[in-house]
Amino acid sequence: TPRILSGMQPTHDSLHLGNYLGAQVNWVRMQRDFDAFFCVVDQHALTVGPAPEELRRRTRVTAAQYLAGGIDPDVSTVFVQSHVPEHSQLAWVLNCITGYGEAARMTQFKDKAGQRGAEGTNVGLFTYPMLMAADILLYDTTAVPVGEDQRQHLELTRDLAQRFNARYGDTFVIPEAHIPGETAKIMSLQEPTAKMSKSAANQNGNLMMLDEPKVNTKKLKSAVTDTDNSVRFDPEAKPGIANLLRIHSALSGESIDALVERYAGENKYGALKTDVAEQVALVQAPFKARVDELLADPAELDRILARGAERARSVAAGVLERAYDAVGFLPSV
Ligand code: ATP
Ligand code: MG
């Protein structure tokens with residue numbers, strides 16, 4: 001069976017609605033048709049310098065949210081990136097076939113480095129895309145379910161795999177990005193031209209899966225919209241309203257056209273926001289309850305992750321060996 005792999009960074013205790021709608025919903029949908037690997041990418045999260053106890057806690061909470069959102073650990077392989085040393089081992093090899101200029105063109109690096117300034121920017125942030133390529137290529141992954149923001153990293157992954165294969169002989173499977181339609185980029189409520197981000201400076205723009213519903217309701221009430229007072233789906237001219245319509249539609253299953261009709265007329269922004277808040281609470285409440293249950297038994301969670309790491313290593317070790325052999329590393333036995 002073809003494989004999928006995806007992951008999230010434990011850069012915050014809670015995932016936001018963008019992570020859920022842009023990535024996780026597809027993970028759950030795809031896990032039965034593919035041999036699925038879902039990784040908590042703690043090595044990527046280290047690039048933003050978390051406190052050790054924070055990183056540990058967030059790694060567990062993120063894994064719990066995978067399961068709470070519908071990932072079945074008996075069907076999918078759920079594991080922690082740092083438990084599988086092959087990820088950083090392959091990343092080194094990929095670093096050595098990546099052009100400096102090619103890496104410097106990555107817009108996520110430019111954005112994050114821009115926000116953090118030269119002093120706050122470490123080399124890990126720069127080599128992040130090659131570690132991500134290793135995450136994917138290590139499992140002979142055919143499809144990678146991610147949000148729109150990962151498209152460029154996926155293109156780089158494909159380029160590196162093709163380059164490696166051309167230079168050293170057929171070694172890696174070339175993966176495809178699997179990016180959803182309307183939910184690929186859920187926008188910040190405060191700045192509807194930027195995506196929701198766990199690491200955003202203004203957290204008021206994020207709907208967090210583990211917040212109390214009333215916190216999200218309040219954030220939605222103060223969501224930035226526009227002054228023309230009529231609900232229409234126009235992402236260019238009315239990004240705030242388009243974002244609310246997309247969120248409502250994704251959660252309720254109603255079409256955007258039907259929603260536009262429902263909120264026709266003047267002064268319906270308030271009603272739309274209230275209804276979105278209700279839809280968000282409907283998924284969020286059981287999600288949070290399930291996370292609390294899972295966190296009440298951390299030993300069981302750790303057992304699931306240990307089992308996942310073992311399964312992941314059994315695949316990754318073979319692919320790494322193939323790559324090591326191809327580049328000419330001397331076998332160690
Ligand atoms: P950070 O700010 O720390 O980078 P993030 O919010 O970007 O956090 P990631 O852990 O980097 O989240 O990404 C996890 C997954 O969620 C990826 O597949 C990514 O494409 C997807 N994703 C992130 N933000 C959004 C969003 N606003 N809309 C849709 N998908 C998203
Ligand atoms: Mg991100």
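Read the numbers this way: they start at 1 and go in the same order the structure lists the ligands and their atoms. Side chains are part of it too, since the values below use all heavy atoms of this structure and drop only hydrogens, waters and symmetry mates. Computed from a predicted model, the values in this text were never measured in an experiment.
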Inset, instruction - Evaluate the ring planes of Phe79 and Phe37, with Trp represented by its six-membered ring, and classify them as parallel (under 30°), tilted (30 to 60°) or perpendicular (over 60°). - result: perpendicular
Inset, instruction - Distance to 0.1 Å, residue and atom name: give those for the protein heavy atom nearest to atom 28 (N) of ligand 1. - result: Ile186 N, 2.9 Å
Inset, instruction - Specify the protein heavy atom at minimum distance from atom 2 (O) of ligand 1: its residue, its atom name, and the distance to 0.1 Å. - result: Ser199 OG, 2.4 Å
Inset, instruction - For the residue pair Asn202 and Glu191, confirm or rule out a side-chain donor-acceptor distance under 3.5 Å. - result: no
Inset, instruction - Report the nearest protein non-hydrogen atom to atom 7 (O) of ligand 1: residue, atom name, distance rounded to 0.1 Å. - result: Lys195 NZ, 2.7 Å
Legend entry - Any N or O of Met187 closer than 3.5 Å to N or O of ligand 1: no
Legend entry - 4.0 Å heavy-atom contact, His16 with ligand 1: yes
Inset, instruction - Identify, by atom number and element, the atoms of ligand 1 in contact range of Gly7, meaning under 4.0 Å from any of its heavy atoms. - result: 14 (C)
Legend entry - Enumerated ligand 1 atoms positioned under 4.0 Å from heavy atoms of Gly22: 29 (C), 30 (N)
Inset, instruction - Would you mind reporting whether Gln190 and Lys219 have side-chain heavy atoms less than 4.5 Å apart? - result: no
Inset, instruction - Among all protein heavy atoms, pick the one closest to atom 31 (C) of ligand 1 and tell me residue, atom and distance. - result: Gly18 O, 3.6 Å
Inset, instruction - Report the part of Lys185 in contact with ligand 1, treating N, CA, C, O as backbone and CB onward as side chain, heavy atoms under 4.0 Å; options are side chain, backbone, both, neither. - result: backbone
Legend entry - Joint cluster assignment, Tyr168 & Leu138, ILVMFWY side-chain distance < 4.5 Å: yes
Inset, instruction - Identify the protein heavy atom lying closest to atom 13 (O) of ligand 1, giving its residue, its atom name and the separation to 0.1 Å. - result: Asn19 ND2, 3.9 Å
Legend entry - Where ligand 1 meets Ala184 - atom numbers and elements under 4.0 angstrom, heavy-atom basis: 28 (N), 29 (C), 30 (N)
Legend entry - Those atoms of ligand 1 less than 4.0 Å from some heavy atom in Thr183: 29 (C)
Legend entry - Polar side chain donor-acceptor pair, Glu86 to Tyr139, under 3.5 angstrom: no
Legend entry - Over 12 foreign heavy atoms within 6.0 Å of CD, Glu236: no
Inset, instruction - Please check if any side-chain donor atom of Asn26 sits under 3.5 Å from a side-chain acceptor atom of Arg29, or the reverse. - result: yes
Legend entry - Nearest-contact summary for atom 11 (O) of ligand 1 - protein heavy atom, Å: Gln9 NE2, 3.2 Å
Legend entry - Pair Asn19-Gln24, side chain to side chain donor-acceptor pair (under 3.5 Å): steps then yes or no: CA-CA 6 Å; Asn19 301 134; Gln24 203 181 8; over 6 Å; no
Inset, instruction - Output yes when the distance from some N or O of ligand 1 to some N or O of Glu148 is under 3.5 Å, and no in every other case. - result: no
Legend entry - Closest candidate by heavy atom, reference atom 4 (O) of ligand 1, pool Lys112, Lys198, Gln108: Lys112
Inset, instruction - Take Glu54 and Arg58 through the salt bridge (Lys or Arg N to Asp or Glu O under 4.0 Å) test and state the conclusion after the steps. - result: CA-CA 6 Å; Glu54 210 167 59; Arg58 289 173 173 176; 3.7 Å; yes
Legend entry - For atom 3 (O) of ligand 1, the protein heavy atom that lies nearest, with its residue and separation: Thr11 OG1, 2.7 Å
Inset, instruction - Would you kindly say whether Arg3 and Thr141 are connected by a side-chain donor-acceptor distance under 3.5 Å? - result: no
Inset, instruction - Check each heavy atom of Ser197 against ligand 1 and say whether those closer than 4.0 Å belong to the side chain, the backbone, both or neither. - result: both
Legend entry - Check: Gln162/Asn165 side-chain N/O donor and acceptor closer than 3.5 Å: no
Legend entry - The one among Ser6, Ala45, Gly147, Ser188 that brings a heavy atom closest to atom 21 (C) of ligand 1: Gly147
Inset, instruction - Write out the residue and atom name of the closest protein heavy atom to atom 19 (C) of ligand 1, then the distance separating them to 0.1 Å. - result: Asp149 OD1, 3.4 Å
Inset, instruction - Measure up the Tyr66 and Trp27 rings against each other and bin them: parallel (under 30°), tilted (30 to 60°), perpendicular (over 60°). - result: perpendicular
